[in-house]
Number of protein chains: 2
Amino acid sequence: MQTTIYDISKKSGVSIATVSRVLNNKKGVSEKTRQKVLAVMEEIGYTPNAFARGLGLNTIKTVGIMCMDVSDIYLASAVSTLERELRHKGYDSLLCCTGANAEDKRSYLQVLLSKRVDAIILVGSHFISGGDSGYIIEAARQVPIILINGYIKGENIYCMLTDDFGLVRDAVSQLINGGHRRILYVYDTTTYSGRQKMDGYKTALTQAGIPIEEELILFCKKNLEESQEKIGQLLDQGVGFDAVVCAEDEQGVAAVKAAIERGIPIPEKMEVIGYNNSILSRCSEPGLTSIDNRVEASCMTAINTLFGVFEGKDFPDRILISGELVKRSSTKI
Amino acid sequence: MQTTIYDISKKSGVSIATVSRVLNNKKGVSEKTRQKVLAVMEEIGYTPNAFARGLGLNTIKTVGIMCMDVSDIYLASAVSTLERELRHKGYDSLLCCTGANAEDKRSYLQVLLSKRVDAIILVGSHFISGGDSGYIIEAARQVPIILINGYIKGENIYCMLTDDFGLVRDAVSQLINGGHRRILYVYDTTTYSGRQKMDGYKTALTQAGIPIEEELILFCKKNLEESQEKIGQLLDQGVGFDAVVCAEDEQGVAAVKAAIERGIPIPEKMEVIGYNNSILSRCSEPGLTSIDNRVEASCMTAINTLFGVFEGKDFPDRILISGELVKRSSTKI
DNA sequence: TTGTAAGCGTTATCAT
DNA sequence: ATGATAACGCTTACAA
């Protein structure tokens with residue numbers, strides 16, 4: 001059985017109230033008593049029960065973090081940053097990987113609420129793709145909700161937004177300025193963020209007076225081998241393109257590999273741009289130029305916002321985080 | 001304010017006991033009453049308080065997961081598997097990234113204990129490198145502790161072990177059989193697991209009657225650029241080796257890149273083997289042959305063991321998980 | 001089938 | 001400076 005303050009109380013000959021005071025470093029306890037109590041705690045290896053504490057205080061200093069899948073490099077780096085910052089502030093992280101199923105997301109959110117987390121952070125725009133974000137707005141009535149890379153309008157909801165649209169548009173524009181007319185776009189999702197990126201691609205073309213061609217837009221699961229195969233097929237079919245922009249680094253690497261496989265020199269005969277500036281872009285050979293939307297910055301800002309909200313301060317419900325294009329050897333631009 | 005079973009009780013005209021019964025799907029409640037209570041719950045958007053429940057039952061259906069850093073690909077994939085399996089069983093995961101500091105590991109473990117997690121899973125052999133694993137043995141008096149890829153002897157501690165030693169030894173032996181005599185070994189840590197790998201390298205050499213040369217053992221932080229630079233220097237200095245075995249895929253990729261940078265064809269003039277069979281090994285160009293110690297299998301077995309322990313079954317305190325060498329284009333073997 | 005009441009381990013408010 | 005006690009929201013005998 002676990003030991004309680006009653007055990008400490010009995011063994012040290014003081015009341016549980018005093019034990020509690022010592023435990024919480026409250027003043028109004030004589031130094032002698034304090035020492036005695038601490039000694040007993042040490043001796044019997046006492047660990048306070050956070051439930052009991054949480055029951056009374058109605059806070060357990062824990063924040064729920066929801067994401068599709070931590071094994072995804074991008075999400076893992078976000079979760080890592082969030083967890084670290086939360087811990088610095090004395091909060092724990094209850095991790096919840098939802099997968100793609102909408103019903104699961106809903107019920108997992110309920111689980112987090114029932115564990116009385118002090119806030120919930122949703123990472124990735126997957127949470128607003130289904131259209132039905134009502135349950136999130138509903139949940140925000142109980143605790144503040146922070147979105148990393150997504151936007152939902154609602155009371156007590158705070159959104160960190162990345163300019164995915166502008167970043168892709170500018171990158172594509174640079175390719176166009178570099179003389180490219182036929183640019184392949186590879187994507188894997190149609191979440192909010194995914195649509196923003198695609199719109200960026202299309203807008204850049206339109207602005208340059210280049211027609212949008214469906215055969216130059218390739219949907220493909222985010223899987224290296226599968227992407228490589230599909231891009232390779234396009235190459236073999238002679239669809240004809242001399243630049244590739246991908247919604248994910250993994251696909252960018254696939255594009256590079258598909259080209260090399262066919263003896264197409266990169267970046268001379270084909271330029272490739274990925275997204276996320278992850279370690280994959282650095283592993284690529286040649287190195288993959290990649291768009292960095294700065295998740296880490298988004299996460300830091302998110303935590304900042306959250307603690308501001310905890311303190312009752314007024315914060316904007318959406319904050320835009322800027323990104324940048326990180327150039328490596330897969331492009332000439 | 002949050003709603004409680006008292007609110008439901010009042011509004012539906014039944015006692016809190018009945019509300020509780022409905023909440024827990026217990027029998028002995030008339031269908032009519034059940035429906036009425038459920039309707040009220042739905043109406044006022046009731047969320048049960050897990051603290052209160054946990055206080056009485058002394059379990060909150062949550063498992064603590066500790067690792068150095070989830071942004072590490074290997075650890076992220078482990079955490080992902082653990083979280084998923086735990087959730088299937090109805091458990092949440094309290095994530096705790098400790099960083100390298102020993103004192104932090106200690107105190108974070110205390111935090112988990114105070115949150116009354118039902119078990120603690122330690123991922124990675126970092127937890128037993130400091131030598132002082134007393135606090136873990138101590139913690140095991142309160143809850144079962146599972147180690148992924150590490151071994152500590154103690155009551156209520158269960159260890160999933162990987163044969164890092166044998167895997168590296170066999171891989172190096174294969175290189176030796178392939179005609180290599182001067183094989184560079186690159187490593188980044190001296191944790192338990194790290195030492196096992198190195199021992200595997202040395203043993204393979206010794207068994208083949210090849211002397212161990214210090215200049216062929218390179219310590220290097222797990223960082224792509226830094227590793228590439230250091231391995232490159234060795235190449236430039238003419239240290240002379242025609243195969244590289246790395247303790248991490250990231251370093252394997254670095255070795256491949258260092259060689260390519262100098263026009264050394266892979267695998268013809270140099271063979272490279274990495275470790276973990278992560279996505280990095282697939283991104284590498286040419287693809288990196290890599291040792292897979294099967295974290296996912298370790299994690300599944302860990303969860304299996306854990307729930308066996310929960311049910312009071314007797315489980316071995318150490319389980320060995322076998323791995324394999326996954327061959328890609330960076331080797332001829 | 002339903003209700004009453006004790007108990008879970010804290011914190012906080014009064015007294016003393 | 002210290003102690004007694006209510007309160008937190010739930011589960012679960014035990015009664016009715």
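Chain naming here is simple, since letters A, B, ... match the order of the sequence lines and numbering starts at 1 in each. Because the structure is a prediction, the values reported are computed rather than measured.
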Within the structure, does a side-chain N or O atom of A/Thr33 lie under 4.0 Å from either OP1 or OP2 of D/dT2? yes

Value in whole Å for how far the P atom of D/dG9 lies from CD1 of A/Ile60: 15 Å

Rounded to 10 degrees, the angle between the two terminal axes of the helix from C/dT1-D/dA16 to C/dT16-D/dA1, each from five pairs: 40°

Partner residues of A/Tyr6 under the ring-ring contact (aromatic ring centres under 6.0 Å, His included) criterion, sequence neighbours left out: none

Residue pairs, two or more places apart or on separate chains, that pass salt bridge (Lys or Arg N to Asp or Glu O under 4.0 Å) and touch residues 49-74 of chain B: B/Asp72-B/Lys222

Pairs touching residues 118-128 of chain B that satisfy salt bridge (Lys or Arg N to Asp or Glu O under 4.0 Å), sequence neighbours left out: none

In whole angstrom, what separates B/Lys10's NZ from C/dT2's C1'? 19 Å

Near-strand residues of residues 44-51 of chain B, defined as heavy-atom separation under 4.0 angstrom from DNA chain D: B/Tyr46, B/Pro48, B/Asn49

Between the side chains of A/Glu138 and A/Arg106, is the shortest nitrogen-to-carboxylate-oxygen separation below 4.0 Å, so that they form an ion pair? no

Write down the distance between NZ (B/Lys61) and P (D/dC10), rounded to a whole number of angstrom. 18 Å

When you measure from the side-chain N and O atoms of A/Thr4 to the phosphate of C/dG9, is any distance below 4.0 Å, counting only OP1 and OP2? no

Determine, stepwise, if the pair B/Ser80 / B/Ser77 fulfils side-chain hydrogen bond (donor to acceptor under 3.5 Å, both in side chains). CA-CA 5 Å; B/Ser80 171; B/Ser77 111; over 6 Å; no

Looking only at side-chain N and O atoms, does A/Ser30 come under 4.0 Å of OP1 or OP2 in D/dT2? yes

For atom NZ of B/Lys27 and atom P of D/dT12, their distance in whole Å: 13 Å

Using the test side-chain contact (heavy atoms from CB on, under 4.5 Å), find all partners of A/Met68 that sit at least two apart in sequence or belong to another chain. A/Leu75, A/Ala100, A/His126

Residues passing the side-chain contact (heavy atoms from CB on, under 4.5 Å) test with B/Ala76, sequence neighbours excluded, are A/Ala76

Whole-Å distance between C/dG9 P and A/Met41 CE? 15 Å

Without decimals, in angstroms, what is the distance between A/Lys36 NZ and D/dA1 P? 15 Å

Atom-to-atom span, CG of B/Leu55 to P of D/dC10 - whole angstrom: 12 Å

Who passes salt bridge (charged side-chain N to carboxylate O under 4.0 Å, His left out) against A/Arg21, sequence neighbours left out? none

What pairs with A/Thr47 under side chain to side chain donor-acceptor pair (under 3.5 Å), at least two apart in sequence or on another chain? B/Gln142

By the side-chain hydrogen bond (donor to acceptor under 3.5 Å, both in side chains) test, which pairs, at least two apart or in different chains, include something from residues 152-161 of chain A? none

Name all pairs fulfilling the salt bridge (Lys or Arg N to Asp or Glu O under 4.0 Å) condition that reach into residues 36-49 of chain B, sequence neighbours left out, sorted by first residue then second. B/Lys11-B/Glu43

Take nucleotides 11-16 of chain C nucleotide by nucleotide from the 5' end and write B, S or -, depending on whether a protein heavy atom sits under 4.0 Å from the base, only from the sugar-phosphate, or from neither. BBB---

Distance in angstrom units between A/Arg116 CZ and D/dG9 C1', rounded: 9 Å

